[in-house]
Amino acid sequence: GENVEQHPSTLSVQEGDSAVIKCTYSDSASNYFPWYKQELGKRPQLIIDIRSNVGEKKDQRIAVTLNKTAKHFSLHITETQPEDSAVYFCAQPPANTDKLIFGTGTRLQVFP
Amino acid sequence: KAGVTQTPRYLIKTRGQQVTLSCSPISGHRSVSWYQQTPGQGLQFLFEYFSETQRNKGNFPGRFSGRQFSNSRSEMNVSTLELGDSALYLCASSLANGYGYTFGSGTRLTVV
């Protein structure tokens, strides 16, 4: 199936705290899991991705973890800053396609 | 290298008219997908093209159509415009299997 559930829909944190966004997928054949950030009025931009052969990937303050058994993957942002405020989308390409199925998005607000 | 280019950036049309949007992918990318984004909504998949063939289509009425040319450039057309078609239309190109998925800046369509 082609379904990606994303939670929470909104998330407010204090600057310096951590933020976690979780996505659950249904297509067990998928092997690529990207995360996109969309700032207000701008295009979605890829911020991090993970392949199914690894369980975790880090890039400075952001990390993605993958649990293929439970079919979920999560975005972790540490030491949040006001410029992290945006809408974050997880995505999954169904097997044998070049399209991405996106989650419904999480609006993250980081308060100074 | 140049990114994904969408033209025009803004359009205002009246109900009943038709519109054509254009997308030039990143050089070397052969897959082009189109998404509709409305306020408060996520990214709704419209269709995906690869080597001039439509490989996937989302749940949109037949008024929405597209095509891809031999140089991988793509166009989408919406006929008999309705007020509800007002949205940001995003095009994205990729190498394969959703990897390297890059979005254009979008075309903001307003139907009045």
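Here is how names work: the chains are called A, B, and so on, in the same order as the sequence lines, proteins then strands, and each is numbered from 1. No experiment lies behind these values; they were computed from the predicted model shown.
Judged as a side-chain contact (heavy atoms from CB on, under 4.5 Å), and not counting sequence neighbours, the contacts of B/S70 are B/E52. For B/R63, the salt bridge (charged side-chain N to carboxylate O under 4.0 Å, His left out) partners at least two apart in sequence or on another chain are B/E82, B/D85.
In the displayed structure, A/K22 atom NZ is contacted under 6.0 Å by at most 12 heavy atoms of other residues, nucleotides or ligands. Within a 6.0 Å sphere centred on CZ of A/R61, heavy atoms belonging to other residues, nucleotides or ligands number more than 12. Within a 6.0 Å sphere centred on CD of A/E83, other residues, nucleotides and ligands contribute more than 12 heavy atoms. For B/N71, the CG atom is densely surrounded, since the number of other residues' heavy atoms within 6.0 Å is greater than 12. Enclosure of atom CZ in B/R73 by more than 12 non-hydrogen atoms of other residues, nucleotides or ligands within 6.0 angstrom is indicated.
If you chain together hydrophobic residues whose side chains sit under 4.5 Å apart, B/L43 and B/Y89 never meet in one group. Linking Ile, Leu, Val, Met, Phe, Trp and Tyr residues whenever their side-chain heavy atoms come within less than 4.5 Å places B/M76 and B/Y49 in a single cluster. A single hydrophobic cluster is seen to contain both A/V87 and B/Y35, as judged by linkage of ILVMFWY side chains at heavy-atom distances under 4.5 Å, directly or through other members. One hydrophobic cluster holds both B/L83 and B/L11 under the rule that ILVMFWY side chains link at heavy-atom gaps under 4.5 Å. Placement of A/Y25 and A/I21 within a single hydrophobic cluster is found when ILVMFWY residues are connected by side-chain heavy-atom separations under 4.5 Å, directly or transitively.
A distance of 10.5 Å separates OH in A/Y32 from OH in B/Y101, rounded to the nearest 0.5 Å.
Contacts between A/Q38 and chain B at a heavy-atom distance below 4.5 Å involve the side chain alone, from C-beta outward. If you measure heavy-atom distances from B/Q37 to chain A, the contacts under 4.5 Å come from the side chain alone. Only the backbone of B/V4 has a heavy atom closer than 4.5 Å to any heavy atom of chain A. Using a 4.5 Å cut-off between heavy atoms, B/F103 touches chain A through backbone and side chain atoms alike.
Listed options B/A92, B/G58, B/G104 were ranked by heavy-atom pairs under 4.5 angstrom with chain A; first place goes to B/G104.
For residues 69-81 of chain A, heavy-atom neighbours of chain B at less than 4.5 Å comprise no residues at all. Residues of residues 42-51 of chain A lying within less than 4.5 angstrom of chain B, judged on heavy atoms, are A/R43, A/P44, A/R51 in numerical order.
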